[in-house]
2 protein chains.
Amino acid sequence: MKNIPVVFKHGVSYTTRFVSKLPRCTDIPRIDHKGKDALVWNLSLSRRSKVDKSDGDDKGKDKCAKDAIADRNIIFVAGLGGIGLDTSREIVKSGPKNLVILDRLKKPETIDELKAINPDVNVIFYPYDVTAPLKDSAKLMKKIFGKLKKVDLLINGAGILDDHQIERTIAVNFTGTVNTTTAIMPYWDKRKGGPGGVVANICSVTGFNAIYQVPVYSASKAAALSYTMSLAKLTPITGVKAYSINPGITKTTLVNKFNSWLDVEPCVAQLLLAYPTQTTKQCAKNFVKAIKKNKNGAIWKLDLGCLEAIKWTKHWDSHI
Amino acid sequence: MKNIPVVFKHGVSYTTRFVSKLPRCTDIPRIDHKGKDALVWNLSLSRRSKVDKSDGDDKGKDKCAKDAIADRNIIFVAGLGGIGLDTSREIVKSGPKNLVILDRLKKPETIDELKAINPDVNVIFYPYDVTAPLKDSAKLMKKIFGKLKKVDLLINGAGILDDHQIERTIAVNFTGTVNTTTAIMPYWDKRKGGPGGVVANICSVTGFNAIYQVPVYSASKAAALSYTMSLAKLTPITGVKAYSINPGITKTTLVNKFNSWLDVEPCVAQLLLAYPTQTTKQCAKNFVKAIKKNKNGAIWKLDLGCLEAIKWTKHWDSHI
């Protein structure tokens with residue numbers, strides 16, 4: 001509760017005081033085009049120049065370095081949610097082949113809206129609750145892979161923010177991410193002859209440093225983050241890449257009002273929102289940038305309209 | 001699997017090569033007796049000198065700075081486990097009034113052994129499974145507080161290591177810690193007129209940096225660690241202190257053999273144990289040292305026989 005801005009007393013508003021606090025986006029590390037990335041890029045270009053563009057399959061394209069969205073098949077869990085929907089809108093603009101949205105509630109008009117943004121994209125919806133048992137997630141994956149044959153990217157975006165619901169918070173934010181990922185692995189795992197794939201997990205900056213008034217939510221996000229870091233280290237074994245998307249406070253219905261643990265801070269939402277936030281649109285644009293960077297092991301911080309890669313501190317090493 | 005020690009090819013053994021890798025315990029930060037601690041210590045001494053030693057209650061003692069075990073009432077969840085049992089042995093040596101051990105399985109001979117170490121200590125056992133619903137944990141707390149009237153320290157030590165069991169790993173290592181803590185709060189919370197208390201959560205160094213071959217276990221520990229850090233920041237509101245105990249690889253039955261996630265590394269236990277480890281006794285002695293330091297918010301690393309306080313990196317700030 002320290003440093004409560006003065007404006008809070010008079011309602012939530014933005015003053016130049018806060019705007020001046022925003023970090024400059026120029027602080028974000030730039031990709032070194034003289035290094036490895038440039039090499040991949042050049043290889044990609046030289047390969048492409050030798051390929052007939054009328055070739056309908058993916059053979060002639062550098063899948064990873066060139067574009068992680070165009071012509072891809074993407075599964076987006078909670079793709080109609082707060083950050084999800086604006087990200088789905090940005091994704092369809094980048095022209096995937098299929099965007100499979102899995103969400104708890106069907107919103108046909110929203111699916112139609114996404115189709116209208118880019119009629120070339122096949123937007124598909126399946127109802128899905130991430131708290132379902134693993135075998136149900138596996139069944140759904142079977143259905144999706146039966147239809148599309150291959151999937152390039154899985155985005156795990158289901159999340160709730162309510163520290164009165166301990167079990168459900170953990171089930172949605174942590175177990176749901178693990179189970180959905182576990183369910184897709186048999187189709188991707190290179191040990192089973194699979195082609196690999198990419199997992200983008202929506203975690204949270206609260207996984208770095210908690211909003212301590214919601215310790216269960218924050219901890220569930222720390223878990224999702226840790227899990228994603230491990231997935232990325234398993235790439236040599238599984239062929240599956242992974243990175244985390246860690247949004248800062250984003251103006252969604254999720255943060256308008258929520259319960260703190262044991263009501264330790266009944267005004268937690270108002271207090272948070274009195275500080276600078278970002279819009280779902282800003283977050284979505286940086287989300288798509290991160291997807292296109294396709295960087296295994298990246299810990300992306302998407303805060304205040306900026307995209308930044310975080311370097312995790314090493315306190316211990318398993319050596320293995 | 002990088003850096004597999006050469007000895008692994010010939011079985012698990014310790015060579016000077018590994019021993020030389022051990023950090024010196026002199027690297028551990030020392031408590032500054034010239035600062036605040038010294039003041040508390042002196043106050044404690046001056047208070048004690050004015051108190052008749054025959055006074056049976058706690059009035060004349062400096063509870064927190066002097067000794068967090070002697071004459072205290074302690075609840076130890078999984079106090080008969082791998083690290084738990086040796087820690088229970090060390091705890092009874094320091095003379096608590098009551099040591100209430102909650103564990104899944106009753107081992108009467110072990111309870112008798114603890115009683116024999118220090119017959120002045122009342123060692124009590126209740127069966128407890130941390131995966132029970134919160135209301136069951138609450139009932140047990142009611143029973144314990146009904147008997148003891150007050151509890152000074154809760155140690156949450158339940159843990160499993162088996163990445164084939166996703167739900168159970170999360171339920172025991174993360175949800176169990178949250179629920180047991182939540183259940184004790186009504187008796188401690190200063191907002192309800194409670195006297196406060198202390199929570200010591202056994203997390204793991206894998207919460208800092210994962211054993212990526214067991215991503216679910218590691219993530220569950222990252223969650224428990226994050227939760228504990230939040231609890232410590234809530235002390236001004238709740239009156240309840242918290243710190244985490246993060247053991248490195250400790251020679252328990254837990255690490256003799258365990259399953260990796262999707263069998264990504266069938267030899268994970270052997271690989272880990274080929275590097276230096278610590279004994280449960282070394283870990284237990286440092287555990288008791290950490291309890292006696294009683295430092296709110298401390299992130300204790302107990303690795304290779306050393307005790308070290310970790311400074312967590314700040315990547316983001318909620319401002320509230």
Side-chain angles (χ1 to χ4, degrees), chain A residues 1-5 134 166-167 170 174-175 178-179 182 185 189 205-216 218-227 229-234 237-238 246 248-249 261-262 264-265 268 271-272 274-275 301 303 310 312-320, chain B residues 1-5 134 166-167 170 174-175 178-179 182 185 189 205-216 218-227 229-234 237-238 246 248-249 261-262 264-265 268 271-272 274-275 301 303 310 312-320:
Chain A
M1 290 236 279
K2 59 186 187 295
N3 301 328
I4 299 173
L134 178 56
I166 294 170
E167 260 87 1
I170 296 169
F174 177 25
T175 320
V178 175
N179 277 346
T182 304
M185 289 300 291
D189 196 329
V205 291
T206 65
F208 307 150
N209 305 92
I211 301 171
Y212 61 86
Q213 297 87 345
V214 280
V216 185
S218 301
S220 72
K221 291 297 189 175
L225 173 64
S226 163
Y227 177 71
M229 287 192 255
S230 290
L231 284 181
K233 288 189 175 152
L234 287 168
I237 296 167
T238 60
N246 301 281
I249 307 303
W261 182 63
L262 299 175
V264 287
E265 179 46 76
V268 58
L271 289 169
L272 265 184
Y275 285 89
K301 176 176 162 184
D303 195 23
I310 291 293
W312 198 251
T313 306
K314 190 169 171 175
H315 294 294
W316 179 76
D317 190 341
S318 74
H319 301 296
I320 66 172
Chain B
M1 287 238 281
K2 59 186 186 297
N3 301 329
I4 298 173
L134 177 56
I166 294 170
E167 260 87 2
I170 297 169
F174 177 25
T175 320
V178 175
N179 277 346
T182 305
M185 290 300 290
D189 197 328
V205 291
T206 65
F208 307 151
N209 304 93
I211 302 172
Y212 62 85
Q213 296 87 344
V214 281
V216 184
S218 302
S220 72
K221 292 296 189 175
L225 172 64
S226 162
Y227 177 70
M229 288 191 255
S230 290
L231 283 181
K233 288 188 176 153
L234 286 168
I237 295 167
T238 62
N246 301 279
I249 307 303
W261 182 64
L262 298 175
V264 287
E265 178 46 76
V268 58
L271 290 169
L272 265 185
Y275 286 89
K301 177 176 162 183
D303 195 23
I310 292 294
W312 197 251
T313 307
K314 189 168 173 176
H315 294 295
W316 179 76
D317 190 340
S318 74
H319 302 294
I320 64 171

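To find a chain, count down the sequence lines: A is the first, B the second, and so on, and within it residues start at 1.
- Within the 3.5 Å criterion, the main-chain N or O of A:Asp317 finds no donor-acceptor partner in the side chain of B:Asn209.
- Only the side chain of A:Ile310 comes within contact range of chain B, with heavy atoms under 4.5 Å apart.
- Shortest non-hydrogen contact noted between B:Ser230 and A:Pro215 is CB-CB, 3.4 Å.
- Heavy-atom minimum distance, B:Ala219 versus A:Ser226: CA-OG, 3.4 Å.
- In this structure, the separation between CE on A:Met229 and OG on B:Ser218 is 10.0 Å, given to the nearest 0.5 Å.
- Within the 4.5 angstrom heavy-atom criterion, atoms from both the backbone and the side chain of A:Lys233 approach chain B.
- Ranking B:Ile249, B:Leu134, B:Val264 against chain A, the residue ahead of the rest is B:Val264, based on heavy-atom pairs under 4.5 Å.
- Once rounded to the nearest 0.5 Å, the distance linking CG of A:Asn179 with CD1 of B:Ile170 reads 7.0 Å.
- The aromatic rings of A:Trp312 and B:His315 lie parallel to each other, their planes meeting at an angle below 30°, with 60° marking the opposite boundary.
- To the nearest 0.5 angstrom, A:Phe208 atom CZ is 11.5 Å from B:Thr313 atom OG1.
- A side-chain contact (heavy atoms from CB on, under 4.5 Å) with B:Tyr212 holds for exactly one of A:Ile320, A:Leu231, A:Leu234; it is A:Leu234.
- Neither the backbone nor the side chain of A:Val214 comes within less than 4.5 Å of any heavy atom of chain B.
- Scanning all heavy atoms of the two residues, the minimum distance from B:Leu272 to A:Ser318 falls at CD2-O, 3.9 Å.
- Under the 4.5 Å side-chain criterion, counting only non-hydrogen atoms from C-beta, A:Glu167 is in contact with B:Thr175.
- Residues B:Phe174 and A:Ile166 have side chains not in contact (no heavy-atom distance under 4.5 Å, counting atoms from C-beta outward).
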